[in-house]
Amino acid sequence: MTAQEVRLCGLLLQEHFGEVVEKVGTHLLKSGAQNLRTIIHETGLSVDLVKKSLCVLVQHGATTFSSGRKGLGSPTEYHTSCDRILRILRYPRYIYTAKTLYGDTGELIIEELLQRGHTTMSSTVKTVADRLTQNMAEGRTMDYTEVSSTFSKLVETHFLQRCPPLPGTPATPGTPAAPVNTAPPTPESFPECYKVPSVTLIGRGKRQLASEDGEEQRSAKRAKMDPETHGDEGIYWQVNFERFHLHFRDQTIISAVANKLDQTSSEIVRTMLRMSEVTTSPMATCTKPLSANEIFRSLPPSYNILRPILDQYLTLLVDDPMEFVGKAGESGGGMFVVNLHRALANLARATLESVVQERFGSRSARIFRLLLRKRHLEQKQVEDFAMIPAKEAKDMLYTLLSQNLVQLQEIPKTPDYAPSRTFYLYTVNQLPTARMLLQNCYKTVANLIERRLFETKESKRLLEKSQRIEAILASLQASGAEPEQLTEVEEMITAPEKQQLDTLRLHINKLDSAENQVDETIFLLESYINSTNASS
Amino acid sequence: MAAHGRGQRTLSFTMETVKGDAPPPSVQQPTPVFPVMEQKPLPLTGGEEAEYLLALKQDFRGAMRSLPCFIQPLVTNRDVERYSDKYNRSEQMDKLLDWAPDWKRFPRELRVHVRKPARDSVSAAVQSPPPPQMKKKGVKDKEEVLLKLESLEKKEEQETSEDEEGETKKKQEEEEAEGEEEYDEEEFEEETDYIMSYFDNGEDFGGDSDDNMDEAIY
């Protein structure tokens with residue numbers, strides 16, 4: 001939990017849950033697992049606020065609680081981790097993926113679950129049906145069964161999973177306590193993780209009438225008090241981020257192949273990945289071997305290429321230096337695997353190279369690539385291999401060294417490290433450099449968010465004014481006003497103010513968009529680092 | 001390391017001084033906050049997907065602000081009392097009550113029974129004798145009570161466990177409010193020390209005397 005991660009988590013909590021939750025969350029991140037009393041004492045907030053914040057954090061899966069370290073009698077301790085909070089950056093991508101795979105219904109289901117944290121199937125289905133009905137044409141409503149079927153599909157493909165049931169509550173002190181295992185159980189260790197409960201949900205979405213606010217609130221609250229039980233009380237669902245990450249990883253590999261080679265080879269790789277979706281474990285180094293015959297049979301019908309052409313493509317893929325596809329044997333016309341970990345490592349390496357290129361120029365990038373390939377080189381050798389004049393090569397190497405992208409390794413000839421009798425070799429280590437760049441990415445996103453908050457705060461007065469005017473315009477239009485009145489209200493904002501608002505909107509959109517794109521790099525680097533953790 | 005006595009300089013400077021080349025000038029202060037960049041950064045990738053992701057992100061942020069899990073502390077220190085205060089306060093109370101998590105999934109100590117401050121103060125008023133309380137409250141209280149009554153009406157249906165209590169309280173409050181209203185009306189209308197019922201505005205004066213014409217009017 002580095003300082004940059006904590007800072008970024010704090011900003012994300014502040015934007016999505018408010019300042020109180022941010023205070024409690026950052027305190028827990030910095031000080032590890034603590035019990036309620038200590039948190040209240042050290043943050044200085046009121047008891048109610050701390051309790052509510054902890055409820056919100058637990059509801060969204062950011063905090064877990066467990067019985068204290070000293071045994072059963074000690075108070076419960078709360079533990080927050082950065083990873084879950086950093087996922088908030090990726091929420092738009094999850095929602096968009098659900099939309100591409102399962103349409104608007106899937107998109108809304110995932111959005112509901114991300115907003116609420118843990119919910120039951122019945123409440124999600126009802127809310128989503130209502131929202132879909134709102135957007136549909138007059139007189140048409142959304143049936144609950146459609147939404148339920150999309151929900152079931154999401155569960156079958158493991159995009160949604162059940163929240164793990166809690167360890168036995170300490171309400172029965174008489175029974176001997178089960179041994180407390182130190183690691184929290186993963187949701188997948190429970191057998192019913194992906195089982196859809198049999199839920200009786202019959203009905204259609206309700207359209208909210210355009211009545212006064214008071215009436216709406218009252219009817220909505222009365223609807224909530226409906227004591228209908230649908231047979232799935234106590235079964236809560238959450239989004240399975242790991243499954244989405246596997247999907248993203250596959251997408252990245254396929255688009256990389258498409259960029260490097262051509263469309264047909266990317267289709268071949270896509271087919272291979274699709275065939276091995278269910279047989280590959282999440283931490284696998286490569287997919288299960290597939291024979292060329294199987295691949296040929298499973299290609300999509302729109303791609304009718306001949307069998308010898310397929311073999312040529314596969315040979316090309318195997319020979320490619322990016323090593324996406326490897327050959328694992330000769331039976332069945334050749335057994336092929338997709339090298340997942342190696343593909344991730346190569347993609348991370350390409351990212352590092354492009355970072356150096358964009359920051360320091362193409363010649364420094366040439367030196368960087370050289371050092372990645374040749375591991376250790378002396379300065380003279382760097383100049384020779386890179387074909388760069390000595391003075392410039394020296395400058396570039398020093399710049400890279402001061403930025404910590406290149407390291408210096410000494411190899412002494414004599415026991416005293418006399419400079420004249422020591423070899424100084426330049427080297428690049430991919431994994432530590434990737435970690436360092438990942439921290440840079442976190443810092444970048446935190447800076448982007450802070451700048452966006454600053455810009456919003458600067459123009460707060462102007463934004464409030466424009467919001468008020470929009471509200472007035474909307475109410476006037478709803479009550480059917482004449483065009484002159486509308487133009488009069490619109491002119492309340494002067495032209496330079498309008499321009500200021502436009503520039504502000506442009507800046508905020510740019511900053512938001514930049515956050516999304518930095519998150520793509522974050523995903524790639526995180527996947528690479530996690531893959532090395534798993535294999536080592 | 002041979003660079004022990006040389007402070008923050010990197011090793012290669014030592015190497016270069018040995019070899020006779022001039023080392024690059026060492027930096028003695030922190031780098032500037034916005035350094036001049038030799039290479040301009042690439043523009044952001046545009047496109048439909050990026051715009052859709054942007055819209056999703058902004059919508060999500062906006063939606064989270066309106067959910068009950070967005071907790072803002074009640075800003076108690078106000079330099080000046082504002083008209084919008086009473087509307088803002090009732091809005092916040094709505095949000096807090098909307099969220100009823102499944103308490104079985106949380107540790108027992110986190111369970112918070114949301115007590116609306118309105119309810120508490122009114123129930124406190126039930127127990128204490130009404131008149132001294134009423135006299136202390138001014139004109140604004142009448143409007144506050146009406147607002148509380150409205151919000152209480154709305155929240156009535158939510159409190160399943162406290163349904164009966166709520167009804168009895170509501171009845172008590174209604175009676176009290178009526179009593180308060182009458183009392184306040186009296187005080188409000190005159191704003192003097194005289195009590196309304198003692199005042200005789202003389203409308204009955206002429207009517208009484210018309211009945212008995214025998215007696216002389218002095």
Side-chain angles (χ1 to χ4, degrees), chain A residues 15-21 36 45 48-49 51-56 58-60 65 75-76 91-93 95-96 111 114-118 163 166 169 214 217-218 221-222 224-225 234 236 358-361 394-395 398 401-402 408 410 417-420 424 509-510 512-517, chain B residues 1-2 10-12 14-19 21 23-24 27 37-39 41-42 44-46 49-61 63-65 67-73 94 96 98-102 104-112 114 150 153-155 157-158 160:
Chain A
E15 286 222 293
H16 290 96
F17 298 109
E19 287 168 0
V20 180
V21 178
L36 185 59
L45 295 167
D48 266 353
L49 283 178
K51 283 188 185 174
K52 274 196 214 105
S53 323
L54 284 172
C55 283
V56 168
V58 171
Q59 171 83 3
H60 281 82
F65 57 91
T76 48
Y91 281 3
R93 218 169 150 194
I95 303 174
Y96 183 68
E111 196 177 332
L114 287 173
Q115 279 178 1
R116 311 263 169 184
H118 303 167
C163 302
L166 297 173
T169 54
Q217 270 188 9
R218 229 173 286 152
K221 283 182 178 111
R222 241 179 249 130
K224 280 194 195 127
M225 281 324 294
Y236 291 88
E358 292 306 323
R359 261 215 262 167
F360 301 108
K394 192 164 63 153
D395 272 337
Y398 290 165
L401 192 62
S402 65
L408 205 52
E410 337 169 310
Y417 278 64
S420 58
Y424 294 98
N509 284 351
K510 256 197 185 168
D512 263 331
S513 203
E515 282 172 42
N516 282 343
Q517 289 186 20
Chain B
M1 287 241 310
T10 63
L11 190 58
S12 49
T14 325
M15 186 172 70
E16 290 317 303
T17 48
V18 166
K19 286 194 184 150
D21 299 346
V27 181
M37 293 191 292
E38 297 106 29
Q39 324 269 341
L42 291 171
L44 296 170
T45 58
E49 189 180 326
E51 283 179 20
Y52 193 75
L53 285 173
L54 173 69
L56 277 176
K57 186 183 172 104
Q58 291 178 337
D59 285 343
F60 191 85
R61 241 195 343 250
M64 287 299 275
R65 286 194 84 93
L67 280 182
C69 37
F70 195 89
I71 299 177
Q72 291 252 292
D94 288 349
L96 287 177
D98 273 351
W99 184 48
D102 184 4
K104 289 189 226 118
R105 294 187 59 83
F106 293 91
R108 201 178 279 243
E109 60 186 4
L110 284 188
R111 182 150 192 175
V112 166
V114 180
E150 281 176 31
E153 268 184 64
K154 287 183 218 161
K155 268 92 178 175
E157 298 112 39
Q158 275 207 25
T160 47

Is [X] close to chain B through its backbone or its side chain, or both, or neither, when contacts mean heavy atoms under 4.5 Å?
X	result
A:Val21	side chain
A:Glu358	both
A:Tyr91	side chain
A:Leu45	neither

Expected output: side-chain A:His60 to main-chain A:Gln115 donor-acceptor under 3.5 Å: yes
Residues that A:Phe360 engages under ring-ring contact (aromatic ring centres under 6.0 Å, His included), provided they are two or more places apart: none
Distance (rounded to the nearest 0.5 Å) between B:Phe60 CZ and A:Ile95 CD1: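 That separation rounds to 5.5 Å.
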Under the side chain to side chain contact (heavy atoms under 4.5 Å, CB included) test, residues paired with A:Asn509 that sit two or more places apart: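 Expected list: A:Arg505, B:Leu54, B:Gln58.
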